[in-house]
Amino acid sequence: MLRSLRGEFRDVLRDALEAEGIDEDDLGLEDPPEEFDAVVASNLAFRLASRLGEAPPVVAQRLHAAIDIDETRYIEAIEAVGPYLNATPSDAYYHETIEAAGTPSFAALPPRDISVVVEHTSANPTGPVHIGRARNPIIGDAVARLLDAAGYEVETHYYVNDAGRQMALFTWAYETFDADELPAPERDRIEYDLVRYYRKGNEYLEQASRDELEEAEAEINAIMQGLEVGDDETYERVSTVVDQVLDGMTACLGRLPATFDQFVKETSFMRDGSTDALVARLKSSAYAEQDDGAWQLVLDDWDIDKPFVFLRSDGTSLYTTRDLAHHEWKFENFDKAVTILGEGHGLQAEQLRAALDILGNDTDRLEQILYGWVNLPGGESMSTRRGTGIQLDDLLDEAIDRARAEVERRMDDRIREDELDEQTIEQIAHDVGIGAVRYDIVSKQPTKAITFEWDRALDFEAQSAPFVQYVHARCCGIIDRAERAGIEAEVGVPSHESEIALTEAISRFPYEIETAADTFAPHRISTYLLELADAYNAFYRDCPVIDASDDQTASTRLALVDASRQTVESGLNLLGIAAPRSM
RNA sequence: GGGCAUGUGGCCUAGCGGAUAGGGCGGGAGGUUCCUAACCUUCCGAUCGCGGGUUCGAAUCCCGUCAUGCCCGCCA
C-alpha cells in the first residue's frame, strides 16, 4: 500500500512543480522519523531553495500551496513542516492495507516477465558442507525467494565443478584405496563416507615417495586428460564419485532448506563443444595475446592488471574458461543472471565480467553478490581436505537440540491451552533452531565478515528468528481463541496509536520487497521483520482482542491480527524460515 | 607492493546525502490472578577508525591515512 501512496505523492509533487514552472526530477522522497504521523516525506525544498533564492521553509510553503490532493485515494493530507513536505495516510489506506494483507498475494509484486537464474552454493563436490560455505546457500536461497516475490521468473542453479584436478584426484583415490584402511565416517551419509577417500588421497600425496607420487600423478593426469577430450568412460568414472557426493550435499542443504531447480555440470560445457568455440572467439579478440604458449586476455582497459589466462600452453581449458561458456549459456536462456560468490572470488568475478564484455555480452545482465567468509573464533580456517571446521549438519543439530531444550523448559509455565505432543515439540524445535541459524546469517550485510560463535548464532531472544516467529505464534493464539469465542474478523480503520503504527508497518511490506529485490539485499527483509514484530508487540501489549471493550473493537482488531499473521508468515517465508503456530 | 571489502557505545548490528545516529546483547531498576514473559517498560552507555575536502546539509560522497579480512597460479 505504501507503494501506491508513494506513487500518488510523486504525482502530486510533479504536478505542483509543473504548475510552479520548476524543473526538477529528484523529488527527494524519504522516510520520516517515527514521531511524525506522515508515512512518506519530501526534502525537495532544500534543493530548490538556493535556485529560487528563498529559504527552504518558504519553498515548502509555496509547493504546499500548489499541491492538489483532491484526486488522491491514499493521501489524507500533505503538511509543510519546516522545510519538509509530509504526507499522512487516509482511512482508505489503513482499511485497504488490512484487507489486502489478509491474503497471500500481498507478498507478491506484479509479474515482470523477466527471467533470472540465481546461481548459489556451487561448492566443489568434495565432501560435507561446512559452515564456512553455509552463508552461500542461505543468502542465495533468500535472494531467489525475494526475486520470485518481486515478480521475476526465478530458476535456481548449482554449478557443479566436476572437471578440475580436485575431482580427478578424488576419483583416483576412490578407486585406489580400500574402505578398511580409512577411519569410520563421521556421519551416516554418503558424502561423509566418500570424503574419507578424498582426505586419504591428499594425505598419501603429501607423504608419498618420488616414485609413488609420479605414479599417482600420472593416473590423476590421465583422468583430467580424459575429461578434456570428452572420453565417456572417464566421465562415467568421475560421475560415480561426483553424483554420490553431490547427493549427500544436496540432502544436507535440503535441511535449511535450500533447493535447486537444476544442477549444471562444468563438464557439460566441455562435452558440447561450447568451450572450444568460445576459446576460438577469444583468440581472435583484440585483447588476446600469447604468453609462453598460453593464451590470455589483457584487461588493462577494465582496470584489471592481472591477465586472464583462458588456455594453457598444452591446449587445455581452465575452470574460468568453462565458467565463461557457462555464463554465455545463462545469457542465452535467461534475461538476468545472479551469482552468489565468496569474497575470495572477487578478482575472478571481475575478470569474468570483463571477458564477457569482450565477447560482446551486456554485462549489466549479470549481478555478482560477494559475501565475506565465516571465520572461527581462533582464526582457525575450515578445510574439507584437512577435515577442519564445523559441519553445517552439526550446526543444525546443535541448533535443534538447543531449541528443543528451550521448548521443554517453557512447558511448565505455559498457559496457552493447546497441548503439545512429541511430534509438535520436535517440529517447533526444528523450525526455531534452523530459523535462528538462517536469520543470524541472512540478517547481516553479505560483505561483512562473520566470526562464528555458538551462543550468538543460536540466541533465541531479541533480534532473532524466534523473536519474529513468536509474534506469529502469538497471532495464532489469538486467532484460535477468537474462533472458539465466536468473534468474527471485520476489517475496519484502526484508532489506537498502536493499531495505527502496526497497520503502517504492515503497509510497508510490498515496498520493502521491492527495494530489497532491487538491491539484491535480503537482509533488509530481516530488518523490516524486526520492526514489524516490534509494532505487533506494542499492539499486543496495548490492545486486547478477545477481551476488548466491545464486539466491534474485537472484530476490527482480529482482522488486524489476521493481517499481521499473514505478513509475518510471508516475510519469514522470504527468508526461508518457518512460521510455527505455537511455540 | 597492487587490487577489492570492512571499520558505528564493552560486544553485535541498522542506517549509506537530509528532521535530535536506530536496535539488540551485556550492565542497573521494574513488570506475569495469564489474548504464551522466546515478551514489555525504564536507565546507563557513541566526538559513526583518524585527518582533510565537496555541500545549505556528511556516518553516508571525494582525497589521504591507519587497522582488519580476502585476492594477486598455464589451481578450483
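Proteins come first, then strands; the chains are lettered A, B, ... in the order of their sequence lines, and each starts at number 1.
- Between the base of B/C74 and the side chain of A/Ser313 there is a donor-acceptor pair shorter than 3.5 Å.
- Taking every side-chain heavy atom of A/Arg481 into account, B/C35 is the closest of B/C35, B/A38, B/A76.
- Taking only side-chain nitrogens and oxygens, A/Gln348 never comes nearer than 4.0 Å to OP1 or OP2 of B/C71.
- By the 5.5 angstrom centroid cut-off and the 30-degree plane limit, A/Phe467 is classified as not stacked against the base of B/A38.
- Atom pair A/Arg524:CZ and B/G22:C1' shows a separation of 15 Å (rounding to whole Å applied).
- When both distances must be under 3.5 Å, the Watson-Crick or G-U wobble mate of B/A29 is B/U41.
- Comparing B/C74, B/A76, B/G24 by their nearest atom to the side chain of A/Asn124 picks out B/A76.
- Under the 3.5 Å distance criterion, the side-chain polar atoms of A/Arg385 are left unmatched by any main-chain donor or acceptor of A/Arg199.
- With hydrogens and angles ignored, a donor-acceptor pair closer than 3.5 Å exists between the side chain of A/Gln463 and the base of B/G23.
- A cation-pi geometry, defined here as NZ or CZ lying under 6.0 Å from the six-membered ring centre and within 45° of its normal, does not hold between A/Arg402 and A/Phe460.
- When both distances must be under 3.5 Å, the Watson-Crick or G-U wobble mate of B/G64 is B/C50.
- For A/Glu483, the CD atom sits in a loose shell: 12 or fewer heavy atoms of surrounding residues, nucleotides or ligands are nearer than 6.0 Å.
- Across B/G18, B/C40, B/A38, the shortest atom-to-atom separation from the side chain of A/Ile428 is found for B/A38.
- As judged by a 4.0 angstrom heavy-atom cut-off over every strand, A/Cys475 is placed among residues making no nucleic acid contact.
- Atom name P, nucleotides B/G18 and B/C61: the rounded distance is 11 Å, in whole Å.
- Here A/Tyr470 and A/Phe467 keep their ring centres 6.0 angstrom or further from each other.
- Checking B/U6, B/A76, B/C39 against every side-chain atom of A/Thr447, the shortest atom distance belongs to B/U6.
- The side chain of A/Glu30 sits closest to B/A19 out of B/C25, B/A19, B/U36.
- You'll find the ring centres of A/His120 and A/Tyr158 outside the 6.0 Å limit.
- Ring-to-base geometry places A/Phe46 in a stacked arrangement with B/G18 (centre distance under 5.5 Å, plane angle under 30°).
- Side-chain N/O atoms of A/Tyr470 include one lying less than 4.0 angstrom from OP1 or OP2 on B/A38.
- In this structure, A/Tyr540 forms an aromatic stack with the base of B/C35, since both conditions hold: centre separation below 5.5 Å and plane angle below 30°.
- For A/Glu343, the side-chain atoms get nearest to B/G69 when compared with the rest of B/C40, B/C35, B/G69.
- At the heavy-atom level, A/Gly164 lies under 4.0 Å from the strands shown only through sugar-phosphate atoms.
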TODO: Apply ring-ring contact (aromatic ring centres under 6.0 Å, His included) to the pair A/Tyr287 and A/Trp302, showing each step before the final yes or no.
DONE: CA-CA 11 Å; A/Tyr287 302 93; A/Trp302 286 264; 4.9 Å; yes
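- B/C56: Watson-Crick or G-U partner is B/G18, with both key distances under 3.5 Å.
- Taking 4.0 angstrom as the limit, A/Arg456 places none of its side-chain polar atoms (N or O) nearer than this to OP1 or OP2 of B/U13.
- Taking only distance into account, the side chain of A/Asp162 never meets the base of B/A76 through a donor-acceptor pair shorter than 3.5 Å.
- Side-chain proximity of A/Arg47 to the nucleotides B/G18, B/U41, B/G24 is greatest for B/G18.
- Separating the P atom of B/C50 from that of B/G2 is a span of 24 Å, rounded to the nearest Å.
- When heavy atoms are screened at a 4.0 angstrom cut-off, A/Val432 is found touching base atoms of the nucleic acid.
- With B/C35, B/A14, B/A19 as the candidates, the nucleotide lying closest to the side chain of A/Thr527 is B/A14.
- A close approach under 4.0 Å does not occur between any side-chain nitrogen or oxygen of A/Asn537 and OP1 or OP2 of B/C39.
- Atom name P, nucleotides B/G30 and B/G49: the rounded distance is 37 Å, in whole Å.
- Among the atoms of the strands shown, none is found under 4.0 Å from any heavy atom of A/Gly372.
- Rounding to whole angstrom units, CH2 of residue A/Trp302 and P of B/C4 are separated by 17 Å.
- Both distances falling under 3.5 Å, in either a Watson-Crick or a G-U wobble arrangement, place B/G69 opposite B/C4.
- Side-chain proximity of A/Lys448 to the nucleotides B/A19, B/A76, B/U6 is greatest for B/U6.
- Using a 4.0 Å cut-off, no side-chain N or O of A/Arg402 falls inside it from OP1 or OP2 of B/A38.
- Comparing the P positions of B/A37 and B/U20 gives an interatomic distance of 37 Å, to the nearest angstrom.
- Under the 3.5 Å distance criterion, the side-chain polar atoms of A/Gln469 are matched with a main-chain donor or acceptor of A/Ala578.
- Between A/Gln290 and B/C74 there is no side-chain polar atom (N or O) within less than 4.0 angstrom of OP1 or OP2.
- Within the nucleic acid shown, A/Val309 comes within 4.0 Å of sugar-phosphate atoms alone, with no base atom in reach, counting heavy atoms only.
- The six-membered or imidazole ring of A/Phe36 lies away from that of A/Tyr84, with a centre-to-centre distance of 6.0 Å or more.
- Contacts of A/Gln296 with the nucleic acid, taken as non-hydrogen atoms under 4.0 Å apart, are absent.
- In the set B/G15, B/A76, B/C12, B/A76 carries the atom at the smallest distance from any side-chain atom of A/His345.
- Residue A/Ala473 is classed as a base contact, given a heavy-atom separation below 4.0 Å to a base.
- Contact check, A/Arg312 against B/G73: no side-chain N or O comes under 4.0 Å of OP1 or OP2.
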